Trainee: 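Structure below; questions to follow.
Chain letters run A, B, ... following the sequence lines, proteins first, then strands; residues in each count from 1. Predicted, not measured: the structure shown is a model, and the values here were computed from it.
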There are 2 protein chains.
Amino acid sequence: MKHFSDPASCACFNLRKAARAITQHYDEALKPSGLRATQFSILAVLSKLTPAPVAHLSQVLVMDRTTLTRNLKPLVGQGLIAIQPGEEDRRRRCVLLTVKGGKALKAALPHWQAVQEQVIGRLTPARWRRMEKDLEHAVTAAGE
Amino acid sequence: MKHFSDPASCACFNLRKAARAITQHYDEALKPSGLRATQFSILAVLSKLTPAPVAHLSQVLVMDRTTLTRNLKPLVGQGLIAIQPGEEDRRRRCVLLTVKGGKALKAALPHWQAVQEQVIGRLTPARWRRMEKDLEHAVTAAGE
DNA sequence: ATTATTTATGAGTATATACACCTATTTGCC
DNA sequence: GGCAAATAGGTGTATATACTCATAAATAAT
């Protein structure tokens, strides 16, 4: 009876599917900036709370700590971020946006904004507002 | 004015975030079956249209063709699927579910169903029905 | 029939994801 | 002060993702 029993309705599959499609679209739009969508997000979050310890960043991004560590590597390689040992707590590694990183983020912003507006426009803003809340619910539903 | 201009509202970031969280939850639930969520989805789709050429499968899954090729590897390694050269068209590689793969899928089904019902229950079925349509819209919005 | 084009696919490379395990440092308890 | 527990973080391994380029076979053009 419940059509949710059909694996085609799998919440995981459908979320991943949409994430794949949207990521490809954003990656394409961000190409001129040299940043991937994930990298843009990391820099954007970082710009608001730099410097931040790895664990803190990973919580904000809802990203596994070790995943974040790997994702930081290419950014360090490009000199967009830097990692410094914590002053108080020497275990901590504080991630901070470099000047170059700030510029890269600023340069990527118009490209991101263009694709964001395009996608929201296609979805309609009302639907996206709804989706944003729904996706938040999904994160919560996965975590409790 | 439009709060969508805030990178925190990035459609890509929010979709990926939710996909990460949900995937972890589904992977954990599917652990006893030995299948990852992605693998379960591939087997599930395959069970309905076996055998199918790689390109066709990738279209159904909304997954890049080369991504699918890589994702098939561990499944071939476990003997859950097999790949045969096409009869009519020798360029084609036809993917088919093996008997072992069918059994693995069948064994995983209750675990998937349990986590699926749990998640849909938490989201509420009405919201999930809505989300399913919205996610489909997102795929379309990314593709046109 | 031969050649050009299109189509189906794999391989190289790079990023993204995360579990299990390990190390170093700090903190709490005695 | 000294040691156990908790905390911050990285590495090994494996899967997931997709772009670019290369290959082979089928089809279209001549």
Trainee: Nearest of D/dA18, D/dA16, C/dT17 to any side-chain atom of A/Met63?
Mentor: C/dT17
Trainee: Could you state the atom-to-atom distance from CZ of A/Phe13 to C1' of D/dT17 in whole Å?
Mentor: 15 Å
Trainee: Using whole Å, report how far CZ of B/Arg16 lies from C1' of C/dT15.
Mentor: 9 Å
Trainee: Roughly how far, to the nearest 0.5 Å, is SG of A/Cys10 from CZ of A/Arg16?
Mentor: 10.0 Å
Trainee: Starting at CD1 of B/Ile22, measure out to CG of A/Asn14 and round the result to the nearest 0.5 Å.
Mentor: 11.0 Å
Trainee: Between D/dT17 atom C1' and B/Leu15 atom CG, what is the distance in whole Å?
Mentor: 16 Å
Trainee: CD1/A/Ile81 to CG/A/Leu75 distance, rounded to the nearest 0.5 angstrom?
Mentor: 4.5 Å
Trainee: Report yes if a side-chain nitrogen or oxygen of A/Thr67 is closer than 4.0 Å to either non-bridging phosphate oxygen (OP1 or OP2) of C/dA18; otherwise report no.
Mentor: yes
Trainee: Between D/dT23 atom P and B/Asp89 atom CG, what is the distance in whole Å?
Mentor: 19 Å
Trainee: Taking NZ from A/Lys73 and P from C/dA14, how many angstroms apart are they, rounded to a whole number?
Mentor: 14 Å
Trainee: Return yes if some donor-acceptor pair links the side-chain N/O of B/Arg92 with the main-chain N/O of B/Gly86 below 3.5 Å, else return no.
Mentor: no
Trainee: Got a sec? Which of residues 27-61 of chain A come in under 4.0 Å of DNA chain C, heavy atoms?
Mentor: A/Arg36, A/Thr38, A/Gln39
Trainee: Counting side-chain heavy atoms from C-beta on, which of D/dA18, D/dA16, D/dA8 comes nearest to A/Gln24?
Mentor: D/dA18
Trainee: Do the side-chain N or O atoms of B/Arg91 get closer than 4.0 angstrom to the phosphate oxygens (OP1, OP2) of D/dA24?
Mentor: no
Trainee: CZ of A/Arg65 to CG of A/Leu57: how many Å apart, nearest 0.5 Å?
Mentor: 13.0 Å
Trainee: Does B/Gln24 reach the main-chain N or O of B/Ala21 with its side chain, forming a donor-acceptor pair under 3.5 Å?
Mentor: no
Trainee: Quick one: on DNA chain C, does A/Asn71 or A/Glu87 contact a more 5' nucleotide (nearest heavy atom)?
Mentor: A/Asn71
Trainee: Is the shortest side-chain N/O distance from A/Arg90 to OP1 or OP2 of C/dT25 below 4.0 Å?
Mentor: no
Trainee: For A/Ala19 and for A/Cys94, find the nucleotide of DNA chain D with the closest heavy atom, then tell me which residue's nucleotide is more 5'.
Mentor: A/Cys94
Trainee: If you check every side-chain atom of B/Arg70, which of C/dT25, C/dG12, D/dA16 has the closest atom?
Mentor: C/dG12
Trainee: Taking atom P of C/dA18 as reference, at what distance in whole Å does atom CD1 of B/Ile22 sit?
Mentor: 12 Å
Trainee: Taking CG from B/Leu75 and P from D/dT15, how many angstroms apart are they, rounded to a whole number?
Mentor: 9 Å
Trainee: Is any side-chain nitrogen or oxygen of A/Thr69 closer than 4.0 Å to OP1 or OP2 of D/dG10?
Mentor: yes
Trainee: Is there a chain of hydrophobic side chains (I, L, V, M, F, W, Y, each step under 4.5 Å between heavy atoms) that links B/Val139 to B/Leu61?
Mentor: no
Trainee: In whole Å, I'd like the distance from the CZ atom of A/Arg65 to the P atom of C/dA24.
Mentor: 15 Å
